[in-house]
Protein chains: 2
Amino acid sequence: MNVISERRRTGRPLSFDRDAALTQAMMVFWRHGYEATSLADLTTAMGVTAPSIYTAYGDKKRLFLEAVRRYLSGPVTSDSIIDEAPDGRAAAARLLETAALGFTGDTTPPGCLLASAAISCSAEAADVQAELAAIRRGIEDRLRRKIAADRGTDAEALAAHCMAVVQGMSTLARDGASRGKLLEIASIAMRAWPNA
Amino acid sequence: MNVISERRRTGRPLSFDRDAALTQAMMVFWRHGYEATSLADLTTAMGVTAPSIYTAYGDKKRLFLEAVRRYLSGPVTSDSIIDEAPDGRAAAARLLETAALGFTGDTTPPGCLLASAAISCSAEAADVQAELAAIRRGIEDRLRRKIAADRGTDAEALAAHCMAVVQGMSTLARDGASRGKLLEIASIAMRAWPNA
DNA sequence: AGCGTTTCATAGTGATCATTATGAATGTGA
DNA sequence: TCACATTCATAATGATCACTATGAAACGCT
């Protein structure tokens, strides 16, 4: 049952690294968003011709969603950050810090892929925007539940505030804000918590 | 020197209300952003044919920037909010509250026009993105100076946090967050200030 | 009325968009 | 070696993009 060694029985083999090409696609989507990324941008960045993209990934929308899954499935996911934190407060702090670092990486585009791709959507890309909104809501719900386990009163508002700060940090990062500035913002945001 | 009664001496008069059409254009840009708004969207929303748009406003970029100026020149501008506040803390609180209200108006699109239009820009619209970023920085600088007049230490971080929350509230509003939720976020954000 | 000026609607510009038809190329299995 | 399956590169598809050439229509002025 070794999946790696399982090969298609017949046919010409793929001439490009499907995984590496997907990473390049993720980078382009990360930098320019979903709609502003043209298939010509993708072919040049991935080094793959358009028909090969379509046979390998489907269409542009499926390629984007696969890039989003790749973006979310890093070694440090927002899910694990929240779940493995000792309490809601630590979850929020780590989420903010991880966002500040992830939005200012020197080998990745500035800001958040989800935030960059989500806004400025035309009518035909409304379903893509809806999927991204669902992902954001999922993260927010997970954080809210984590906070509510400790302190019941204002869990929803605290989680929403944290999400707003993360979203805003993405914009500031795209505007050129430094990593230090984003970490300061995260620190300020955590002052909103009681019994500091 | 009555400007209103001054008319062009010759030529066929404009058959549409230039001001009302600009408002409609602002609404479309507000909802869909800059690049996702096509000229076909604008012609249908404004009730004006494409050549008339070009003779009246220039090109799409100039029309958008004029819509941005219209958006920023309301009766309650961010500038006046900040300047007329008694201190930096009140300026931040009013900015957050005004944003929460303005992003959830029942006759306007959800979110912030600047935030909606800024993200997801292709290379050719980079100058538009740069202009929007300059506007955001101008607001942030004004807020930072206002805060720094009271308390010198962490004015920059407090201003940046406030801007991040405003930006984030726009995203949450577009995701369907209610006015009450945004006001709660604003309230939580103000807890970050010392000597509450 | 007639001229000059401006805006009007119609239609079309080349460019770019995502997507695909086509046939040659390259592999496996027999 | 040969049929079969799959991917390859080339080139083209119709649609849409921002933008405009063109000539008729509607005004003020003389």
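In what follows, every chain begins at residue 1, and chains take the letters A, B, ... in the order their sequences are listed. Bear in mind that the values here come from a model prediction, so they are computed numbers and not experimental data.
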Check: Reading nucleotides 12-17 of chain C 5' to 3', which nucleotides get B (base under 4.0 Å from a protein heavy atom), which S (sugar-phosphate only), which -?
Finding: -----S
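Every pair passing ring pair (Phe, Tyr, Trp, His ring centres under 6.0 Å) that includes a residue from residues 127-178 of chain B is listed here, sequence neighbours excluded: A:H161-B:H161. Counting only residues at least two apart or on different chains, the salt bridge (Lys or Arg N to Asp or Glu O under 4.0 Å) pairs with a member in residues 68-78 of chain A are A:D19-A:R70. Applying the ring pair (Phe, Tyr, Trp, His ring centres under 6.0 Å) test to pairs two or more places apart or on separate chains, none has a residue in residues 77-96 of chain B. Applying the ring pair (Phe, Tyr, Trp, His ring centres under 6.0 Å) rule to pairs touching residues 129-155 of chain A yields nothing, sequence neighbours excluded. Counting only residues at least two apart or on different chains, the ring pair (Phe, Tyr, Trp, His ring centres under 6.0 Å) pairs with a member in residues 62-81 of chain A are A:F29-A:F64, A:W30-A:Y71, A:Y34-A:F64.
Atom CG of A:L42 and atom C1' of C:dT19 are 13 Å apart (whole Å). For A:R12 and D:dT6, the CZ to P distance is 14 Å, given to the nearest whole Å. Atoms CG (B:L63) and C1' (D:dC19) sit 14 Å apart, rounded to a whole Å. Atom pair A:D59:CG and D:dT13:P shows a separation of 22 Å (rounding to whole Å applied).
Listed by residue number, the members of residues 15-24 of chain B with any heavy atom below 4.0 angstrom from DNA chain C are B:S15, B:F16. The stretch residues 50-58 of chain A touches DNA chain C through A:A50, A:P51, A:Y54, each having a heavy atom within less than 4.0 Å of the strand.
The side chain to side chain contact (heavy atoms under 4.5 Å, CB included) check on B:T77 picks up B:D79, B:S80, with sequence neighbours excluded. With sequence neighbours excluded, the residues satisfying side chain to side chain contact (heavy atoms under 4.5 Å, CB included) with A:A21 are A:F16, A:M46, A:V48, A:Y57.
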Residues 90-103 of chain B, side-chain donor-acceptor partners within the protein, below 3.5 Å, at least two apart:
| unit_1 | atom_1 | unit_2 | atom_2 | d |
| --- | --- | --- | --- | --- |
| B:T98 | OG1 | B:R94 | O | 2.6 |

N/O donor-acceptor pairs under 3.5 Å from side chains in residues 132-140 of chain B, not counting sequence neighbours:
| unit_1 | atom_1 | unit_2 | atom_2 | d |
| --- | --- | --- | --- | --- |
| B:R136 | NE | A:D175 | OD2 | 2.8 |
| B:R136 | NH2 | A:D175 | OD1 | 2.8 |
| B:R136 | NH2 | A:D175 | OD2 | 3.1 |
| B:R137 | NH1 | A:D175 | O | 3.1 |
| B:E140 | OE2 | A:K181 | NZ | 2.9 |

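Salt bridge A:R18/A:E66: present, at least one basic N to carboxylate O contact under 4.0 Å.
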